[in-house]
Amino acid sequence: MPPTEKATENVRAVGRALEILLAFTPQDYELSAGELLKRVDLSRPTLYRLLYTLQEQGFIMSVGEPQRFRLGPAVAKLAHVWTSSLDLSVIAEPVVRRLWEETGETVAVFVPQGALRLCISELPSPQPLNFKRGVGYTERIARGATGRAILAHLKATPQQMREYIRDTGIDVKELEQELAQVRKRGYATSRNELIQGAVALAAPFFDRNGVVAGSIGVFGPEVRLDAARQKKVGAVLDREARHLSEALGFRDAA
């Protein structure tokens, strides 16, 4: 076989091996050879040859009788390395930039810090009238859209919820009703809550374990973010928050 053809065949084999690895999901973490053949376009001999190679390198392991396959320890090692190298502000940058370009408003990313939320990234609106707080800004997690977008998915205990709203004047029943609406709608909103004349919208994003990792918010003056535009921005926010979740390894079972 000429060198160029051999190189092409090697690349093709790598692609096929990756298809095998990607055939596994959290719901289907064990698959038989027959089930794998339904998910990848390979002949049975080629499938077994690639499975043997992947097993030698620790990416696949064989279990049970009849024989089934699952991901091996080498995958966990790579996942650990990938997780350790994550820089959320860098990963979120393309999402922040797209939202900023599409809305023309200030866009910021927040992460939970106990009863607080912390701003780790912000891109201020280029318009003369804008609202911004800056990287490092913290606020109670029960106050404002970016906080409640996170809180809606924290699964807080009643004791934790009381701690979150302590000294805020927030009624817990009203808050729980609002959080239910956030989960249903996909994003949170606030108006004149932390800054007079400001409107905020925020959507949550999730890590690879399905745990809420933070929220991404859009902030602007009420004169630009009326009810009709809020719906449009909310839809864009929901879409981009999903993209950020996917970048963090989250896969929505739905």
Checklist entry - So which heavy atom on P124 is nearest to which on W100, and how close? => result O-NE1, 2.7 Å
Checklist entry - Do R133 and I195 come close enough that some side-chain heavy atom pair is under 4.5 Å? => result yes
Checklist entry - When you look at I120 and F110, which way does the side chain to side chain contact (heavy atoms under 4.5 Å, CB included) test go after all the steps? => result CA-CA 6 Å; I120 63 166; F110 285 80; over 6 Å; no
Next on the checklist: Determine whether E163 and R166 satisfy the following criterion, salt bridge (charged side-chain N to carboxylate O under 4.0 Å, His left out), listing intermediate values before the conclusion.
Outcome noted: CA-CA 5 Å; E163 177 62 24; R166 182 169 55 86; 2.9 Å; yes
Next on the checklist: Counting only heavy atoms from other residues, nucleotides and ligands, does the tally under 6.0 Å from CD of Q159 exceed 12?
Outcome noted: no
Checklist entry - With sequence neighbours excluded, what pairs up with R239 under the salt bridge (Lys or Arg N to Asp or Glu O under 4.0 Å) test? => result E102
Could you list the donor-acceptor pairs under 3.5 angstrom formed by side chains in residues 172-183, with sequence neighbours left out?
unit_1: E178; atom_1: OE2; unit_2: R148; atom_2: NE; d: 2.8
unit_1: E178; atom_1: OE2; unit_2: R148; atom_2: NH2; d: 3.4
unit_1: R183; atom_1: NH1; unit_2: A152; atom_2: O; d: 2.7

Checklist entry - For Q160 and Y164, does a side-chain donor sit closer than 3.5 Å to a side-chain acceptor? => result no
Item to check | Backbone N/O of E193 and side chain of S190: donor-acceptor pair under 3.5 Å | outcome: no
Checklist entry - How far apart are the C-alpha atoms of I165 and D171, what are their side-chain angles, what is the distance that settles it, and do they pass the side chain to side chain contact (heavy atoms under 4.5 Å, CB included) test? => result CA-CA 8 Å; I165 66 173; D171 180 83; over 6 Å; no
Item to check | Interatomic distance, L54 atom CG to L47 atom CG [nearest 0.5 angstrom] | outcome: 9.5 Å
Checklist entry - side chain to side chain contact (heavy atoms under 4.5 Å, CB included) between R49 and T46: does it pass, once the steps are laid out? => result CA-CA 5 Å; R49 186 172 66 251; T46 299; 3.7 Å; yes
Checklist entry - Should R16 and D41 count as an ion pair when the cut-off is N to O under 4.0 Å? => result no
Checklist entry - Are M161 and L116 in one and the same hydrophobic cluster, where Ile, Leu, Val, Met, Phe, Trp and Tyr link if side-chain heavy atoms are under 4.5 Å apart? => result no
Checklist entry - Counting heavy atoms not belonging to Y137, are there more than 12 under 6.0 Å from its OH? => result yes
Item to check | Min side-chain heavy-atom separation I150-P204 under 4.5 Å | outcome: no
Checklist entry - So do D207 and F250 actually touch side chain to side chain, heavy atoms under 4.5 Å? => result no
Checklist outcome for this item: Tightest non-hydrogen contact, residues A203 and L237, listed as CB-O, 3.9 Å
Checklist entry - Salt-bridged, E35 to R68, with N to O below 4.0 Å? => result yes
Checklist entry - Roughly how far apart are K132 NZ and C119 SG, rounded to 0.5 Å? => result 12.5 Å
Checklist entry - Quick one: are V107 and E122 in side-chain contact, heavy atoms under 4.5 Å? => result no
Checklist entry - Taking all atoms of both residues into account, what is the closest heavy-atom pair of I216 and A241, and its distance? => result CG2-CB, 4.2 Å
Item to check | Lys NZ or Arg CZ of R185 over Y187 ring: under 6.0 Å, within 45° | outcome: yes
Next on the checklist: Between V40 and M61, is there shared hydrophobic-cluster membership here, with clusters defined by ILVMFWY side-chain heavy atoms closer than 4.5 Å?
Outcome noted: no
Next on the checklist: Is it the case that the side chain of S125 and the backbone of G104 share a donor-acceptor pair, with hydrogens and angles ignored and the cut-off at 3.5 Å?
Outcome noted: yes
Item to check | Same apolar cluster: L88 and L118, side chain cutoff 4.5 Å | outcome: yes
Item to check | Taking every non-hydrogen atom, the tightest pair across F131 and T106 | outcome: O-OG1, 2.9 Å
Checklist entry - Hey, does the side chain of E30 reach the backbone of R70 with a donor-acceptor pair shorter than 3.5 angstrom? => result no
Item to check | Under 3.5 Å: donor-acceptor pair, side chain of N130, backbone of Q127 | outcome: yes
Show me the side-chain donor-acceptor pairs of residues 217-233 shorter than 3.5 Å, one per line, residues at least two apart or across chains.
unit_1: E222; atom_1: OE2; unit_2: R191; atom_2: NE; d: 2.4
unit_1: E222; atom_1: OE2; unit_2: R191; atom_2: NH2; d: 2.8
unit_1: R224; atom_1: NE; unit_2: E105; atom_2: OE2; d: 2.8
unit_1: R224; atom_1: NH1; unit_2: L129; atom_2: O; d: 3.1
unit_1: R224; atom_1: NH2; unit_2: E105; atom_2: OE1; d: 2.8
unit_1: R224; atom_1: NH2; unit_2: L129; atom_2: O; d: 2.7
unit_1: D226; atom_1: OD1; unit_2: A228; atom_2: N; d: 3.4
unit_1: D226; atom_1: OD1; unit_2: R229; atom_2: N; d: 2.9
unit_1: R229; atom_1: NH1; unit_2: E105; atom_2: OE2; d: 3.3
unit_1: R229; atom_1: NH1; unit_2: R224; atom_2: O; d: 3.4
unit_1: R229; atom_1: NH2; unit_2: T103; atom_2: O; d: 2.6
unit_1: Q230; atom_1: NE2; unit_2: L225; atom_2: O; d: 3.0

Next on the checklist: Checking R117 against T138: is there a side-chain donor and acceptor pair closer than 3.5 Å?
Outcome noted: no
Next on the checklist: With a 4.5 Å cut-off on side-chain heavy atoms, are F69 and L36 touching?
Outcome noted: yes
Next on the checklist: Testing the basics here: between G114 and I141, what is the closest heavy-atom pair and its distance to 0.1 Å?
Outcome noted: O-CD1, 4.2 Å
Next on the checklist: Assess the residue pair R39 and E19 against the criterion (side chain to side chain contact (heavy atoms under 4.5 Å, CB included)); give the C-alpha distance rounded to whole Å, side-chain angles, the decisive distance to 0.1 Å, and a yes or no.
Outcome noted: CA-CA 8 Å; R39 301 181 182 210; E19 288 178 12; over 6 Å; no
Next on the checklist: Side chains of F24 and I60, heavy atoms from C-beta outward: is any pair under 4.5 Å?
Outcome noted: yes
Checklist entry - Would you say Y48 and V14 are hydrophobically clustered, going by side-chain heavy atoms of ILVMFWY under 4.5 Å? => result yes
Item to check | Closest non-hydrogen atom pair, A33 against R44 | outcome: CB-NH1, 4.0 Å
Item to check | Linked, directly or transitively: L18 and L71 (ILVMFWY side chains, under 4.5 Å) | outcome: yes
Next on the checklist: Rounded at 0.5 Å granularity, tell me how far CG in L201 sits from OG in S215.
Outcome noted: 11.5 Å
Next on the checklist: Does the plane of the ring in H153 sit parallel, tilted or perpendicular to the ring in F206? Use 30° and 60° as the thresholds.
Outcome noted: perpendicular
